[in-house]
Structures are given as structure tokens and as C-alpha cells.
Amino acid sequence: EEEISVRAGTPEAEYRRHVCLNQTRNDCVEKIVREGLKRDRRVVVLVERLLHLKILNKRFQNVKHATLCGDVEAEVRLEAMRAMDAGELKLILTTRVFGKGVDIKAVDMIIDCTALPSRNNVIQRYGRGTRKVTGKAGLIFIDIADRGNRFEGAAHARLHALKEIGAPILRLPWRGSPDEVLDKITAAMDAVTAR
């Protein structure tokens, strides 16, 4: 493996420490993904850095999934999207290639692990999952929000952007239970649908 050197105290070093290499954060992501898969959700996990993609890829070695980034040929990325729409693939781990031109109508759960403040990016990511398709009850969009580090402001910026477009928001602190998170989100979605 290639050795990467990052100067301590730089934004890149902080991102590696608080996001990519953060065991608690990655445990949270893994547990929520696995619970979503148990509930037959079609899940896309979004990351910013290739290191983070590699770390999460190792955590899901025992699950059929696609790992997509800019290094993966466009046709392979398209085939993964088609497979998810066809129900043949339930999990895609990806970097920013999940942007313009991505069309997975069947995705019904997106976990945004990127920790960046970009208003347009979060709106675009959310929009990717709101496309309608027969049998799709709605989208669960989970933003992994950081607290107590330099990325907390970015979490607030993403939340504000989603509020601006009228996305329904349910703020839940992570207590280690993916069941609790998805049960509360599902109940909130059912309540909205019942109106």
C-alpha cells in the first residue's frame, strides 16, 4: 500500500482524523447501513476522500456492493446504477461521482458522510434520492453531522441548506442503536404520508 504523509494541523489532517479514520463515526455508518439493508433498503453511502471509501469498503466485504469513484470506468458505474434500479444490488459506496448525471431512481436511503459545507452539493445529493419510482415509499437521507470539531460548522451549513429547500428534517443524536434511528425516521415518514 501507498504511504501518505499529511502535515499535522492542516485541514486535510483534521479531515483524515475526524472523518476518515474516526472509528465511532464509521461504526455509526456501518450499523445504519446494515440495518437499512436488513430492512430491504437500497443504500448509497457518500464519502469525500478515497481513503474513507477504502476504509468503508473493508467494513462491507461480506456484503454484495459496488465501490465507485472517478477511477472506476463510467460503464462500470452505470452498470452498478442499473443493478440497483433492477434490485440486483442493494449497496453502493461512492465518492463525489454521485453527482451530475447519476440517476438511480430506486435508491431510498442515502447516508452522507462527507462532512463538507457545500450548500449545492448537499441539495444535489438529496435530490438524487427524491426521484419517484413505483414501489418507492420515500427517501431516508441521513447526514452524519459532526459535533465538537472543526466540521461542526459544515454540518450546520448542510442542515440549513436542506431546510431552505423544505426537506423534512428529524434531528436524532446517535446513541449506538441503528434500529432506534430507522424506527424514528420511518415513523416520521409514515406520519407525513398519513396526512
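Worth knowing before you read on, the calculation uses all heavy atoms, side chains too, and leaves out hydrogens, waters and symmetry mates.
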Using the salt bridge (Lys or Arg N to Asp or Glu O under 4.0 Å) criterion, which residues pair with D190? Sequence neighbours excluded. none
Hydrophobic cluster membership, [X] vs [Y], 4.5 Å side-chain cutoff:
| X | Y | value |
| --- | --- | --- |
| I185 | V43 | yes |
| L93 | I110 | no |
| F60 | L68 | no |
| V29 | I55 | no |

Would the distance check show the side chain of R42 and the main-chain N or O of D85 forming a donor-acceptor pair, the cut-off being under 3.5 Å? yes
Flag, side chain of E152 to backbone of G148, donor-acceptor distance under 3.5 Å: yes
Could you walk me through whether R82 and L78 satisfy the side chain to side chain contact (heavy atoms under 4.5 Å, CB included) test, starting with their C-alpha distance in whole Å, then the side-chain angles of each, then the deciding distance to 0.1 Å, before giving a yes or no? CA-CA 6 Å; R82 285 186 206 118; L78 285 171; 3.9 Å; yes
Shortest non-hydrogen contact from [X] to [Y]?
| X | Y | answer |
| --- | --- | --- |
| M109 | I142 | CE-CD1, 4.1 Å |
| C113 | V19 | O-CG1, 3.7 Å |
| A115 | D146 | CB-OD2, 3.6 Å |
| K31 | P178 | O-CB, 3.4 Å |

For [X], does the [atom1] atom have more than 12 heavy-atom neighbours from other residues, nucleotides or ligands under 6.0 Å away?
| X | atom1 | result |
| --- | --- | --- |
| H160 | NE2 | no |
| E164 | CD | yes |
| R17 | CZ | no |
| E75 | CD | yes |

Suppose we screen for side-chain contact (heavy atoms from CB on, under 4.5 Å). Which residues come up paired with L116, at least two apart in sequence or across chains? Y15, E48
For Y126, check ring pair (Phe, Tyr, Trp, His ring centres under 6.0 Å) against everything at least two apart and list the hits. F141
Side-chain ion pair, E35 and R39, N-O less than 4.0 Å: yes
Strictly below 4.0 Å, N to O, side chains only: are D108 and R41 in salt-bridge contact? yes
[X]: partners by side-chain hydrogen bond (donor to acceptor under 3.5 Å, both in side chains), with sequence neighbours left out:
| X | result |
| --- | --- |
| T186 | none |
| R147 | none |
| D40 | K90 |

side-chain contact (heavy atoms from CB on, under 4.5 Å) with R125: which of V44, N120, T114? T114
